[in-house]
There are 2 protein chains.
Amino acid sequence: MNTAKKHDVFQAIADPTRREILKMLAGKELAITEITVRFPMSRTAVSKHLLILSEAGLVKNRKSGREKLYTLQAEPLSELDQWLSYFDQFWQNKISVLKHLVENEGQNS
Amino acid sequence: MNTAKKHDVFQAIADPTRREILKMLAGKELAITEITVRFPMSRTAVSKHLLILSEAGLVKNRKSGREKLYTLQAEPLSELDQWLSYFDQFWQNKISVLKHLVENEGQNS
DNA sequence: ATAAAGTGAAACCATTTGGTTTTATATTTC
DNA sequence: GAAATATAAAACCAAATGGTTTCACTTTAT
């Protein structure tokens, strides 16, 4: 696993294991060991996935005693969202759904 | 390039060349040769990228004489959009961005 | 009917990817 | 301080990825 060069968001979410890790981290801080129990692979492998997610800016971590706690950093997903929005016009139902959402929630304009 | 196993949308868009191909195909039909001139790689390489995009359902093609014309099929991107929406609550400013989008482009309601 | 244009398919190659095992280091706990 | 816990780091490996070159096959144009 190449950890030397930068990974971007698109690459980071290409792997199903990494996508699942992101969901696990949604909301709660977890240590590597806690994440690993959910996967049929070694802690080392999970650690490498976390490194790739870190490089993409999707997770951050802090040391707490002998543990290292990871948290989700969802902001970089905005790049994905922006990319996706370019294609909005080529498939239906997104605009209408969001229009509804905006009209119901955002009144400041 | 493994073209035997299925590729999903997440994998398909992980490569920048493939993302650019998708943008090129947004709106217009193109033959492989027309796509290739935009990239510093062989027609064969582009052809393989198109195969991966096909497997992900993101492009389709039709034969026209000795040419093969490719078109965008954006629908599978909805899977990505759905995945992304799960994380909406973890980053801000999506609503505002789309509000702007809707107000500028969609007037049908 | 040949030549040219457009593509497909096969064989090959270097690098990256996703995993492993082994060894070492830091922090608790008893 | 010794054992247990949590992680890091390094070496290794098979398969996938992204590319190439070469050759064959259709379709069109002259």
Length of the line joining A/R43:CZ and C/dT23:C1', which is rounded to integer Å: 12 Å
Gap between atoms CZ and C1', on B/R18 and D/dG19 respectively (whole Å): 12 Å
Rounded distance (Å) that lies between atom P of C/dT27 and atom CD of A/E67: 13 Å
B/L58 side, atom CG; B/H7 side, atom NE2 - distance, nearest 0.5 Å: 12.0 Å
Atom-pair distance (CG on A/L51; P on D/dT7), nearest Å: 14 Å
Protein-nucleotide distance (B/L50, atom CG; D/dG19, atom C1'), rounded to Å: 15 Å
Gap between atoms CG and P, on B/D15 and C/dT16 respectively (whole Å): 14 Å
Phosphate OP1/OP2 of C/dG8: any B/K68 side-chain N/O under 4.0 Å: yes
Touch class at under 4.0 angstrom, heavy-atom based, for A/S47 against every strand present: sugar-phosphate
Separation of C/dG6 C1' from B/N61 CG (nearest whole Å): 14 Å
Of the listed nucleotides C/dT28, C/dG19, D/dT28, the one nearest the side chain of A/R66: C/dT28
A/F10 CZ to C/dT17 C1', straight-line distance once rounded to whole Å: 20 Å
Short side-chain N/O contact to C/dT20 OP1/OP2 from A/S42, under 4.0 Å: yes
Phosphate-side-chain proximity, A/K48 and D/dA8, N/O vs OP1/OP2 below 4.0 Å: no
Distance below 4.0 Å between A/Q11 side-chain N/O and C/dT16 OP1 or OP2: no
A/A14 or A/G65, whichever maps to the more 5' nucleotide of DNA chain C: A/A14
Derivation and outcome, side-chain contact (heavy atoms from CB on, under 4.5 Å), residues B/R62 and B/K68: CA-CA 6 Å; B/R62 65 184 183 90; B/K68 199 167 179 180; over 6 Å; no
Presence of A/H49 side-chain N/O under 4.0 Å of C/dT17 phosphate oxygens OP1/OP2: no
Distance below 4.0 Å between B/K63 side-chain N/O and D/dT26 OP1 or OP2: no
More than 12 heavy atoms of other groups within 6.0 Å of A/K60 NZ: no
Closest listed nucleotide, where the reference is the side chain of B/M41 and the choices are D/dA8, D/dA10, D/dT20: D/dT20
Stepwise side-chain contact (heavy atoms from CB on, under 4.5 Å) test for A/K23 and B/W83: CA-CA 10 Å; A/K23 285 217 175 183; B/W83 182 82; 4.2 Å; yes
OP1 or OP2 of C/dG18 under 4.0 Å from side-chain N/O of A/T17: no
Approximate separation, where rounding is to 0.5 Å, of A/I35 CD1 and A/H49 NE2: 11.0 Å
Residue whose nearest DNA chain C nucleotide is more 5′ - B/T44 or A/P40: B/T44
